[in-house]
Amino acid sequence: ATVPLDYDKPQGQTIKLHLAKSAAIDQAHKIGSLFINFGGPGGTAADRFEARGQTYRPGLNQRFDIIAMDPRGVGQSEPSIDCKVNQETTGIYSQPFTTPFNLDVGDLIAKDRRYIRRCIALNDGILAHVSTANVARDMDLLRAGLGARKLNYLGFSYGTFLGATYASLFPNRYRALVLLSGLNDSRTHDVMVQAWSAKNDRLRAVGYAYFEHNQDPLLVPRMLDALATEASETVRPALTRTLAAYSTDVRVREALTGLV
């Protein structure tokens, strides 16, 4: 599919979006098209969906054409953001991994700045146009191109933010939105950073205990047991609720088909 690069210049330069589609099994009783997004940002959807086809939530595919889109700048959409670096030596996951024991702040910042400058230099034409709002506008253009009066959408994780953005931009153009594992834009990032930082503090404590106090063979296991207990008390209940939502296809299907 072809869409404008810049929605402020709709007749200007265009880009290509890669889509995957699985036609509704029951065409006689088809409700419409259902867009899906598995999360991100920066995550692909089309290739993951192509790998599964009608085996992905067949209950939904019964009466919906399911459509997965690689968002602009991602995956097989063109142009696709590529910083063209050796990820093992230069990228964000390059080795050796930075730890409290080998951290050189100046070297790490310099390395990150080199990486960022290279990404900007090689992708300057698309980077300014890969906002969530523009991805939502892309979905709306595709909806109209399919002849659908209103959008049906299923989003996970970051895909919930995309769905909410669509609803904010086009409040009268969606029929059903199902948002699983939702993100709260104003709070999620700070909460996640705080939780991760707190956990890392404790994990670093385990590391220091291992390297500096390994004369006590029971110290590290005791600390790890404490971390596991804390995870059981805080993470597991939330995870259980999330898995319950994921495992009940019926709830998702009913929400989208209008049975509830």
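Keep in mind it's a predicted model, so treat the numbers as computed, not measured.
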**OP:** Would you check, one step at a time, whether the test side-chain contact (heavy atoms from CB on, under 4.5 Å) holds for Y158 with T132?
**Re:** CA-CA 10 Å; Y158 163 78; T132 300; 2.5 Å; yes

Original post:
Looking at residues at least two apart in the chain, or sitting in another chain, which of them share a salt bridge (charged side-chain N to carboxylate O under 4.0 Å, His left out) with K16?
Top reply: none

Original post:
Is there a donor-acceptor pair closer than 3.5 Å between any side-chain N or O of R63 and the backbone N or O of D26?
Top reply: no

Subject >> Between N134 and Y7: side-chain donor-acceptor atoms closer than 3.5 Å >> reply: no

Subject >> Exercise: identify the closest heavy-atom pair between L179 and G163 >> reply: CD2-CA, 4.1 Å

Original post:
Are L127 and L122 linked, directly or through other ILVMFWY residues, by side chains that come within less than 4.5 angstrom of each other?
Top reply: no

Original post:
Looking only at heavy atoms, what is the nearest atom pair of P79 and I126, with distance?
Top reply: CG-CB, 4.1 Å

Subject >> Student check: side-chain heavy atoms of P71 and N37 closer than 4.5 Å >> reply: yes

Original post:
Salt-bridged, R137 to D140, with N to O below 4.0 Å?
Top reply: no

Original post:
Which atom names give the shortest non-hydrogen contact between T165 and A133, and what distance separates them?
Top reply: CG2-CA, 3.9 Å

Subject >> Short side-chain to backbone donor-acceptor contact, R175 and L151, under 3.5 Å >> reply: no

**OP:** Decide if atom CD of E88 counts as having more than 12 heavy atoms of other residues, nucleotides or ligands within a radius under 6.0 Å.
**Re:** no

Original post:
Taking N61 for the side chain and F64 for the main chain, is one N or O donor matched with an acceptor at less than 3.5 Å?
Top reply: yes

Original post:
Does the side chain of L34 come within less than 4.5 Å of I67's, by heavy atoms?
Top reply: no

Original post:
Looking only at atom types and distance, does a side-chain atom of S80 sit under 3.5 Å from a main-chain N or O of G75, one as donor and one as acceptor?
Top reply: yes

Subject >> Check: F156 main-chain N/O paired with T160 side-chain donor or acceptor under 3.5 Å >> reply: no

Original post:
Got a sec, which hydrophobics cluster with L103, joining ILVMFWY side chains under 4.5 Å apart, including via others?
Top reply: V105, L108, I109

Subject >> Atom pair CZ/CG of R117 and D112 - distance to nearest 0.5 Å >> reply: 10.5 Å

Subject >> Any pair counted as salt bridge (charged side-chain N to carboxylate O under 4.0 Å, His left out), so long as it reaches residues 32-43, sequence neighbours left out >> reply: none

**OP:** Check the hydrophobic clustering (I, L, V, M, F, W, Y; side-chain heavy atoms under 4.5 Å; chains of links allowed) and say if V74 and F35 are grouped together.
**Re:** no

Original post:
If you round to the nearest 0.5 Å, how far is OG of S33 from CG of L146?
Top reply: 4.5 Å

**OP:** Indicate yes or no: at least one non-hydrogen side-chain atom of P4 is less than 4.5 angstrom from one of L141.
**Re:** yes

**OP:** Compare every heavy atom of A68 with every heavy atom of A45, then report the nearest pair and how far apart it is.
**Re:** O-CB, 3.6 Å

Original post:
Which residues satisfy the salt bridge (charged side-chain N to carboxylate O under 4.0 Å, His left out) test with D124, sequence neighbours excluded?
Top reply: none

Subject >> side-chain contact (heavy atoms from CB on, under 4.5 Å) between V135 and M69, intermediate numbers included >> reply: CA-CA 10 Å; V135 177; M69 172 185 76; 3.8 Å; yes

Original post:
Rounded to the nearest 0.5 Å, how far does CG of L154 lie from CG of L177?
Top reply: 10.0 Å

Subject >> Student check: side-chain heavy atoms of L5 and T14 closer than 4.5 Å >> reply: no

Original post:
Could you state the interatomic distance from OG (S77) to CD1 (I15), rounded to the nearest 0.5 Å?
Top reply: 7.0 Å

Original post:
Which atom pair, heavy atoms only, marks the closest approach of S157 to G39?
Top reply: CB-CA, 4.4 Å

Subject >> Contacts of K30 that satisfy salt bridge (charged side-chain N to carboxylate O under 4.0 Å, His left out) - sequence neighbours left out >> reply: D65

Original post:
Can you name the residues that form a salt bridge (charged side-chain N to carboxylate O under 4.0 Å, His left out) with K9, not counting sequence neighbours?
Top reply: none

Subject >> Side-chain donor/acceptor of Y153 to backbone N/O of A164, under 3.5 Å >> reply: no

Original post:
What distance do I116 atom CD1 and R114 atom CZ have between them, rounded to the nearest 0.5 Å?
Top reply: 11.5 Å

Original post:
Are D70 and T44 close enough that a side-chain donor and a side-chain acceptor fall under 3.5 Å?
Top reply: no

Subject >> side-chain contact (heavy atoms from CB on, under 4.5 Å) assessment of N123 paired with C83 >> reply: CA-CA 7 Å; N123 302 280; C83 298; 4.2 Å; yes

Original post:
Taking atom CZ of R143 and atom CG of N152, what is their separation to the nearest 0.5 Å?
Top reply: 11.0 Å

Subject >> Residue that, paired with R72, satisfies side-chain contact (heavy atoms from CB on, under 4.5 Å) out of H18, E78, H129 >> reply: H129

Subject >> For the student: nearest non-hydrogen atoms of F170 and Y174, plus distance >> reply: O-CD2, 3.7 Å

Original post:
Hey, is the main chain of D107 close enough, under 3.5 Å, to the side chain of D104 for a donor-acceptor pair?
Top reply: yes

